[in-house]
**Q** 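Questions regarding the structure given below will be posed in turn.
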Amino acid sequence: MKPSRLLLSIPLAFSGMLAWATGNLPIYQDETRPMDERVEDALSRMTTQEKINLIHAQGKFSSAGVPRLGIPDLWMSDGPHGVRAEINWNDWGYSNRTNDSITAFPALTALAATWNPSLSFEYGNAIGEEALYREKDVMLGPGVNIYRTPLNGRNFEYMGEDPHLASVLVVPYIKGMQQNGVAASVKHFALNNQELWRGHIDVNLSDRALHEIYLPAFKSAVVDGDSWTIMGSYNKIRGQHACHNDLLLNKILKEDWGYKGVVMTDWGGAHDTREAALYGLDLEMGSYTNGLTSESEFTTDDYYMAKPYLALIEKGDVPMSTLDDKARRMLRLNFLTAMKRNKPLGSVASPEHYAIAEKIGDEAIVLLKNASVGKKGPKLLPLSENIKNILVVGDNATRDLMKGGGSSELKVKDNVTPLKGLQAIYGDRIKYTQGYRAGKPMYSNVEKIPQAIQDSLRDEAVSMARNADVVIFIGGLNKNHLQDCEAGDRIDYSLPFGQPELIEALQAANPNLIVVLLSGNAVAMPWEKKVPAIVQGWYLGSMAGKSIANVISGKVNPSGKLPFSFPVKLEDNGAHHFGAISYPGDSIRQEYLEDILVGYRWHDTKKIPAFYPFGHGLSYTTWQYGKPSASAKTISENECLTISIPIRNNGQTAGKEVVQLYIGDDQASVLRPLKELKGFEKIALKPGEEKTVSFTIKPDDLKFYDDTTGSWKAEPGKFNVYIGSSSTDIRATVPFELK
C-alpha cells in the first residue's frame, strides 16, 4: 500500500526547518535558485548507489528519491483518460482501496474529434488536479502515436492519423497538466502503431515517413509543450529497441530537439544494460514483465539499470558521465513535481470535472449520417420531442466501458451510461433490451457466447422494434481482448457479436433506426445505406450518457470531426494495401510500405475514396463558406501568406464548425500527398451570424523532409490552399506560387 506523502516529506520538512533555523538552506532545496544550480548541488552530495537508485523502479509505480537528502520518491499512475485505481506495491493486483475512484474523461480519440485546443487544456488541467489529489507526480499520458491501421488495439488512446492535428492538441494538454506540478509522460516514442508482437516487432520505414508523419506530435510535445517525461515504446526500430535507441533518443530527441526531460521505459521495455546506459534511457520501469499482467521473479535491484549498471561503472566499462546525466534528469523531474512546495491541493470527481468531461463529450461526438426515412420527411436527428415509444438496443447502452482496455482501465465514482442519459431526458418513454451479449472485460482471453443466446437476444430486440416509434441501437466495440484493448490487435474489421446481422434485422423491422457506435476505431459498415442516422460516439467516460443524450435530443448541436478515415474495406487502408509484410509484419520485421501516405493522404493521392473521410462531421445547421482572399499570389521562401474566408451559419440552430485548411504541392520533385492539413479553427456561430476566419501559412508549412540531406526543404513552384469542412468536402481553393 502506498505510504502517505506526508510521511515521505518528513525528512525534507525536518531538514528544511533546520536549515531555516540556522539560515543556511541548501542550494538544492532553495526554489528561488536556478534549476541547474539546484540539480548540480544535489548531484554533488549523492553517492553512486544513490544515483543508481534514482534511475530504476522500486515498486510497480514508484521510483526512489534520496531519503538521506530529503528528496522524496516519485509516484506514477497509468491513464491518459484518468487516474488509475491503486495497484499493489509489487504485483498487478488492485489494492482494493475505497478512496481511489475518479472521473473518467473521454478517450483521446474523442478529444481529437473535438478539434478544440482549449478543451485539450481543460482536459489536461482536470486530470492534473485529480492526480494531485491522488498524490501522483507523473501521469503516463497523453499518447500521440499515429493511427496507421484500424486494427490497432490501442488506437483509442491516441489522437488520430494526422500529425498536425495531434501536434496542435497535445501541447495544451501537457501545459494544462504540468501547471499543477504533475508531469506528463508523452507516449509511446515511437512507432507503436500495433499491439500484435509489440515487444519485438522490428519496424523499418523511410526517413521521410519518420519525420513527416510519426515524429511531429512528439516534437511539439517536447519543444512547444515542454513535456517533463517521455515514454519509449516496446517495439524495435531499425533493429534496436525503442527504449534504448541511439537514433531516436540520443540523436533526434536529445541532440536535435534539445530535450532536458526524462526518458522512461514502458513497463518491461528495457532489454540490455549497456544499451540502456549509452543510448538515451533515463528511468527503467517494470522490467521482466509484460507491462500488464505477468510478474517477475527478480527484484528491482536486478533491473538492467540497477546492479548490472553499477557493475559496468565500477569496472570502467561505461563512463560515470552516463549515470550523472540520467541522475540530473531525474533530479530535475523531482524538483518540478514531488519536491515542489507551492502546488495546489487538487480535487477529484468534482462537479467541475464532470462538467468538463461532459463538454468534451458534447464536442467529440461525430454525426456521420443524418437522413430522413421518407423522401419528404424530416431528418431523423435530432430526435423529435413528440416521440412516444423509444426502444434502446445494445450491450454498450449499459456497459461500463471504463473496464478493460489494459492499463487505461479506470475505477469511476459515477458512470452515466447512454441508457441512463436518455432516460433522464425521455423518462418512461424509453424501453431497453440487450440485443446481443459481449461478455466480461478480459485482457487476454475472449469469452465465447453461445449462439443460441445471441439468437434469442436478437429475436427479442427485433420483436420489440416492430412496436417502437424509433429504435436507437447503441453498439460498436468495447475494451475486451481483440477489440479496443492493449496487448492485442483486432482480427476483424467488422463489428463483433453478430451486430451487423442485428442492425440489418432491426432496420427491416423498423426503418426509424439510429445507430450509435461507441469505439476508438473505424469499423466496416455493410449496412450503412439502409440506416438513416449514424453517430460515432467514442468512449466518453463518466458523463458519456449525458453527452450522447445531449446530441440525440438536440440539446447540443454536434460539432465533432473524424480524426481518422473510415475505409470502405480493410484493403483500402494504406497499411494493408501491400500485404502482410506491411501489416502486421512477419512476426519479426515490418515494412511501412505506404510510406508518407497515411490515412487521408493515401485515400486522396491514390484516389481510393474513404467511406467516411478524415475531418468529416455533420451538423444540425448549415454552413456557408464565402469567397476566400489571399494576402498575395506569390511569396518568397521567407514570407508568410494570409488566407481569409467568411463563414456563415445559414441554418436555424446555433452550432460550431471546424474550418480546415490543407495545402497541396503541385510541382514537387518527390512524392507528396495531394494535400495535407496545415491549419484549422473551431468557431461558434448563432443562426445568421458570420465570422471571417484567417490562417497564416508559414514557410515551414510548405516543406517536406529531404532524406538526401537530412533537412527540411520547400521547392519553388505552384501550391494550392484547400479550405473545407472535411478532407473531401472542399469549399474553396486558393492557388499561389512560391518563388
Side-chain angles (χ1 to χ4, degrees), residues 105-106 108-125 142 159-173 175-176 217 220 355-368 535-538 540 547 550-551 555-564 600 613-626 628 643-651 653-662 676-687 689-697 721-732:
F105 294 88
L108 290 190
T109 43
L111 176 62
T114 69
W115 293 57
N116 190 333
S118 64
L119 283 184
S120 186
F121 181 86
E122 291 187 60
Y123 190 124
N125 178 63
M159 295 191 185
E161 72 186 25
D162 184 75
H164 180 77
L165 177 62
S167 296
V168 171
L169 292 178
V170 72
V171 172
Y173 181 112
K175 289 184 176 180
S220 291
I356 291 169
E358 183 178 351
K359 184 163 58 170
I360 294 166
D362 289 349
E363 292 200 25
I365 292 172
V366 180
L367 182 59
L368 294 177
V535 173
Q536 176 61 34
W538 315 110
L540 297 179
S547 292
N550 288 342
V551 170
K555 180 181 178 182
V556 167
N557 189 350
S559 63
K561 300 283 187 175
L562 289 180
F564 51 78
Y600 70 90
F614 173 81
H616 171 75
L618 303 178
S619 172
Y620 293 153
T621 191
T622 56
W623 303 100
Q624 178 182 313
Y625 284 61
I643 302 288
S644 300
I645 187 168
I647 310 294
R648 181 180 178 84
N649 182 346
N650 265 359
T653 305
K656 296 182 179 181
E657 169 70 334
V658 179
V659 185
Q660 303 164 39
L661 181 142
Y662 301 81
E676 299 178 275
L677 183 72
K678 294 297 181 181
F680 61 89
E681 184 174 340
K682 192 163 195 175
I683 59 173
L685 296 178
K686 298 175 183 178
E689 188 178 3
E690 183 176 297
K691 179 180 180 180
T692 296
V693 177
S694 295
F695 297 96
T696 299
I697 298 172
V721 172
Y722 303 94
I723 302 173
S725 187
S726 80
S727 60
T728 61
D729 185 7
I730 301 301
R731 307 291 183 90

**Q** Please report the shortest heavy-atom distance between Tyr600 and Ser727, naming the atom on each side.
**A** CB-OG, 4.1 Å
**Q** Kindly compute the distance separating CG (Leu169) from OG (Ser118), expressed to the nearest 0.5 Å.
**A** 10.0 Å
**Q** Do Val721 and Phe695 have side chains that approach each other closer than 4.5 Å (heavy atoms only, starting at C-beta)?
**A** no
**Q** Residues two or more places apart in sequence or in another chain: which of them pass side-chain contact (heavy atoms from CB on, under 4.5 Å) with Asn557?
**A** Ser619, Tyr620, Thr621, Thr653
**Q** Check side-chain contact (heavy atoms from CB on, under 4.5 Å) between Lys678 and all other residues, then give those that pass, not counting sequence neighbours.
**A** Leu661, Ile663, Glu676, Asp701
**Q** Set out, in order, the CA-CA distance, both residues' side-chain angles and the distance that settles side chain to side chain donor-acceptor pair (under 3.5 Å) for Asn649 and Glu689, then state yes or no.
**A** CA-CA 6 Å; Asn649 182 346; Glu689 188 178 3; over 6 Å; no
**Q** How many angstroms lie between atom CG of Leu367 and atom CG of Leu618, to the nearest 0.5 angstrom?
**A** 4.5 Å
**Q** For Trp115, which residues count as a ring-ring contact (aromatic ring centres under 6.0 Å, His included) partner, sequence neighbours excluded?
**A** Phe614, Phe680
**Q** Do you know which two heavy atoms are closest between Ser220 and Ser167, and how far apart they sit?
**A** OG-CB, 3.3 Å
**Q** What I'd like to find out is whether the side chain of Ile723 reaches to under 4.5 Å of the side chain of Ile730, using heavy atoms alone.
**A** no
**Q** Charged N to carboxylate O below 4.0 Å: is that the case for Lys656 and Glu363?
**A** yes
**Q** Identify the two heavy atoms, one from Leu540 and one from Gly361, that lie closest to each other, and give their separation to 0.1 Å.
**A** CD2-CA, 4.0 Å
**Q** By side-chain contact (heavy atoms from CB on, under 4.5 Å), which residues pair with Ser726, not counting sequence neighbours?
**A** Pro613, His616, Thr728, Asp729
**Q** Could you pull out the closest heavy-atom pair between Ala112 and Pro563, with the gap in Å?
**A** CB-CB, 3.7 Å
**Q** Could you measure the distance from the CD atom of Gln624 to the CG atom of Asn650? Nearest 0.5 Å is fine.
**A** 4.5 Å
**Q** Between Glu681 and Lys691, is the closest basic N to carboxylate O distance under 4.0 Å?
**A** yes
**Q** Indicate yes or no: at least one non-hydrogen side-chain atom of Ile683 is less than 4.5 angstrom from one of Ile647.
**A** yes
**Q** Where is the tightest heavy-atom contact between Gln660 and Gly615, given as atom of each residue plus distance?
**A** NE2-O, 3.1 Å
**Q** Would you say Leu685 and Trp623 make side-chain contact, with heavy atoms under 4.5 Å?
**A** yes
**Q** Residues in side-chain contact (heavy atoms from CB on, under 4.5 Å) with Ser644, at least two apart?
**A** Ser629, Thr642, Thr692, Ser694
**Q** How far does CG of Asn116 sit from CG of Leu119, to the nearest 0.5 angstrom?
**A** 4.0 Å
**Q** Passes side chain to side chain contact (heavy atoms under 4.5 Å, CB included), Ile365 versus Ser547? Steps please.
**A** CA-CA 8 Å; Ile365 292 172; Ser547 292; 4.0 Å; yes
**Q** Listed by chain and number, what are the ring-ring contact (aromatic ring centres under 6.0 Å, His included) partners of Tyr123, not counting sequence neighbours?
**A** Phe105, Tyr173
**Q** Walk me through it: do Glu657 and Arg648 pass the test salt bridge (charged side-chain N to carboxylate O under 4.0 Å, His left out)?
**A** CA-CA 10 Å; Glu657 169 70 334; Arg648 181 180 178 84; over 6 Å; no
**Q** Drop me the distance from Met159's CE to Leu111's CG, to the nearest 0.5 angstrom.
**A** 5.0 Å
**Q** For residues Ile697 and Ile643, determine if any side-chain heavy atom of one lies less than 4.5 Å from a side-chain heavy atom of the other.
**A** yes
**Q** Distance from Asp362 atom CG to Thr114 atom OG1, nearest 0.5 Å?
**A** 11.0 Å
**Q** Does Ser725 reach the side chain of Val658, with side-chain heavy atoms less than 4.5 Å apart?
**A** no
**Q** Tell me yes or no: between the side chains of Glu358 and Asn550, is some donor less than 3.5 Å from an acceptor?
**A** yes
**Q** Can you check whether Gly617's main-chain N or O pairs, donor with acceptor, with Lys561's side chain at less than 3.5 Å?
**A** yes
**Q** Please give me the minimum heavy-atom distance between Ile645 and Ala732, naming the atom from each residue.
**A** CD1-CB, 3.9 Å
